[in-house]
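To start, the structure itself, in structure tokens.
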Amino acid sequence: MNDELQGLLDLLDLERIEQDYFRGQSRSALVPRVFGGQVAAQALVAAGRTVPEGRDAHSLHAYFLRTGDPGAPIVYEVDRIRDGRSFTTRRVVAVQHGKPIFHLSASFQAYEEGLEHQAGMPASPDPETLPTAAEMLPRYAHNFRDPRIVDRMIKERGAVDLRYVQAPPYGTVGEPREPRSQVWFRANGKLGDDPLLHVCLATYVSDMTLLDSVLLAHGRGGWTVGDVVGASLDHAMWFHRPFRADEWLLYDQESPSASGGRGLGQARIYTQDGRLAISVIQEGVVRVPR
């Protein structure tokens, strides 16, 4: 396991300061705010640590309320909404400087048998044939506001091996194309067997590329290029089937709409053998600088 992945796992290992209160730290980010995927993953950790054994996360719904301060700890307050015979519901509020910055509702379920069907997995190349971040990012350095950011981006991607199937938005600036994107990802090292850890790692990664398809539709490169500004507004995930975040997962993403300064992304995450593991929907602010 490399240092970057160990650092991410340390971030998810929250300090318990009271029965239903947890404290988390932040890692340095490429932008002067806390990465949304980090807050969502930490909030899910906090919720999961108050849930009876044998109940796994099956959905989360979250709102990003304020910009997080990466230099200050985040306190997660868990509200035990309900413990039923099959389902457990938790509400989590993330607080910094006395104000809520993030709100999450999550539901957990004891395993049971039921009806089975799923959408088929789309075609995609073998992830091992695709370039790594270290191989891909230098190709597009000339499109960035500051080419030196490449080294920082490579370091930021050290915890997760994330490989684009098609060129990312910053690789085709000025060339609108179909609002669809695929990436393969997995943790850059072996993880333990706790299902909550794998769900939280996938939650972390799910906020990294979901709005790419919004940018692709308009030939925009993103914040590294400087032709848009934005932030996540809300995020929802449904966990359908067991998976491991240290094995390859296909993140198939698209944007059905952008309007009113907002863009919508929706996606499905599949295991390499074709099982639909997760569905994701996110809306974000996407504005063109004046």
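- Within 6.0 Å of atom CZ in Arg49, more than 12 heavy atoms from other residues, nucleotides or ligands are found, so the atom counts as buried in its surroundings.
- Under the 4.5 Å side-chain heavy-atom criterion for ILVMFWY residues, no single connected hydrophobic cluster contains both Val51 and Val93.
- Connection of Val34 to Leu65 is not established within any shared hydrophobic cluster, with ILVMFWY side chains joined at heavy-atom distances below 4.5 Å, either directly or through further cluster members.
- Under the 3.5 Å distance criterion, the side-chain polar atoms of Gln282 are left unmatched by any main-chain donor or acceptor of Leu210.
- In this structure, the side chain of Arg275 does not engage the main chain of Gln118 through any donor-acceptor pair within 3.5 Å.
- Of all the heavy atoms in Ala110 and Arg55, the pair that sits closest is N-CG, 3.9 Å.
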- Taking it one step at a time, do Arg90 and Asp83 satisfy salt bridge (charged side-chain N to carboxylate O under 4.0 Å, His left out)? CA-CA 9 Å; Arg90 294 291 183 261; Asp83 286 300; 3.1 Å; yes
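- Within the 4.5 Å cutoff, no side-chain heavy atoms of His142 are placed close to those of Pro147.
- Formation of a donor-acceptor pair under 3.5 Å by the Trp184 side chain with backbone atoms of Asp161 is not found in this model.
- Here the options are Phe108, Trp238, Tyr111, Phe87, the test is ring-ring contact (aromatic ring centres under 6.0 Å, His included), and the partner is His58; only Phe87 passes.
- With values rounded to the nearest 0.5 angstrom, Tyr170 atom OH is found 10.5 Å from Arg139 atom CZ.
- Although no hydrogens or angles enter the test, the distance criterion places a donor-acceptor pair under 3.5 Å between the side chain of Asp227 and the main chain of Gly222.
- Expressed to the nearest 0.5 Å, how far CD of Gln6 lies from CG of Asp3 amounts to 8.0 Å.
- Annotation: side chain of Glu254 is not in contact with side chain of Glu178 (no heavy-atom distance under 4.5 Å).
- Checking side-chain atoms of Ser279 against main-chain N and O of Arg268 turns up no donor-acceptor pair under 3.5 Å.
- Taking CD from Gln42 and OH from Tyr76, the interatomic distance works out to 3.5 Å, rounded to the nearest 0.5 Å.
- With rounding to the nearest 0.5 Å, the separation of CG in Asp13 from CZ in Phe22 is 11.0 Å.
- Of the inter-residue distances, the one linking Asp69 atom CG with Ile101 atom CD1 reads 8.5 Å to the nearest 0.5 angstrom.
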- Task: Go through the steps to decide whether Glu116 and Arg241 satisfy the test salt bridge (charged side-chain N to carboxylate O under 4.0 Å, His left out), and finish with yes or no.
- Result: CA-CA 10 Å; Glu116 278 278 344; Arg241 294 170 179 82; 3.0 Å; yes
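- Taking 4.5 Å as the limit, every side-chain heavy atom of Thr271 sits out of range of all side-chain heavy atoms of Glu247.
- Between Gln253 and Val183, some side-chain heavy-atom pair lies under the 4.5 Å cut-off.
- In this structure, Leu12 and Ala41 approach most closely via the heavy-atom pair CD2-CB, 3.7 Å.
- At distances below 3.5 Å, at least one donor-acceptor pair connects side-chain atoms of Arg163 with backbone N or O atoms of Leu130.
- Considering only heavy atoms from C-beta on, Ser124 stays 4.5 Å or farther from Asp252 through its side chain.
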- Query: Between Tyr251 and Ser206, does a side-chain contact (heavy atoms from CB on, under 4.5 Å) hold up when you go through it step by step?
  - Reply: CA-CA 8 Å; Tyr251 200 4; Ser206 69; 3.6 Å; yes
- I would like to know whether Arg186 and Glu128 meet salt bridge (charged side-chain N to carboxylate O under 4.0 Å, His left out); could you show each step before the answer? CA-CA 12 Å; Arg186 65 179 177 185; Glu128 299 287 355; 3.5 Å; yes
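- Pairing each heavy atom of Ala43 with each of Val92, the nearest pair is O-CG2, 3.7 Å.
- Open room surrounds CZ on Arg287; 12 or fewer heavy atoms of other groups in view lie less than 6.0 Å from it.
- Here OG of Ser213 is found 11.5 Å from CD of Gln182. Values are rounded to the nearest 0.5 Å.
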- Message: Under the criterion side-chain hydrogen bond (donor to acceptor under 3.5 Å, both in side chains), I'd like the reasoning laid out for Ser105 against His61: C-alpha separation, chi angles, the key distance, then a yes or no.
- Response: CA-CA 5 Å; Ser105 294; His61 301 261; over 6 Å; no
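- Between Leu201 and Asp246 the shortest side-chain heavy-atom distance does not fall below 4.5 Å.
- Looking at heavy atoms from C-beta onward, Leu197 lies in side-chain contact with Leu9 at the 4.5 angstrom threshold.
- Using a 4.5 Å heavy-atom threshold, the side chains of Gln272 and Leu250 count as separate.
- Around CZ of Arg244, the count of heavy atoms belonging to other residues, nucleotides or ligands within 6.0 Å exceeds 12.
- More than 12 heavy atoms of other residues, nucleotides or ligands shown are found within 6.0 angstrom of OH on Tyr164.
- Between Met136 and Pro168, the closest heavy-atom pair is SD-CD, 3.9 Å.
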- Message: Before you tell me yes or no, could you show the steps for Gln25 and Arg23 under side-chain contact (heavy atoms from CB on, under 4.5 Å), namely the whole-Å CA-CA distance, both residues' side-chain angles and the distance that decides it to 0.1 Å?
- Response: CA-CA 7 Å; Gln25 305 298 326; Arg23 180 161 49 212; 4.2 Å; yes
- Let me see the working for Ser26 and Gln38 under side-chain hydrogen bond (donor to acceptor under 3.5 Å, both in side chains), right down to the final yes or no. CA-CA 8 Å; Ser26 297; Gln38 175 203 305; 3.0 Å; yes
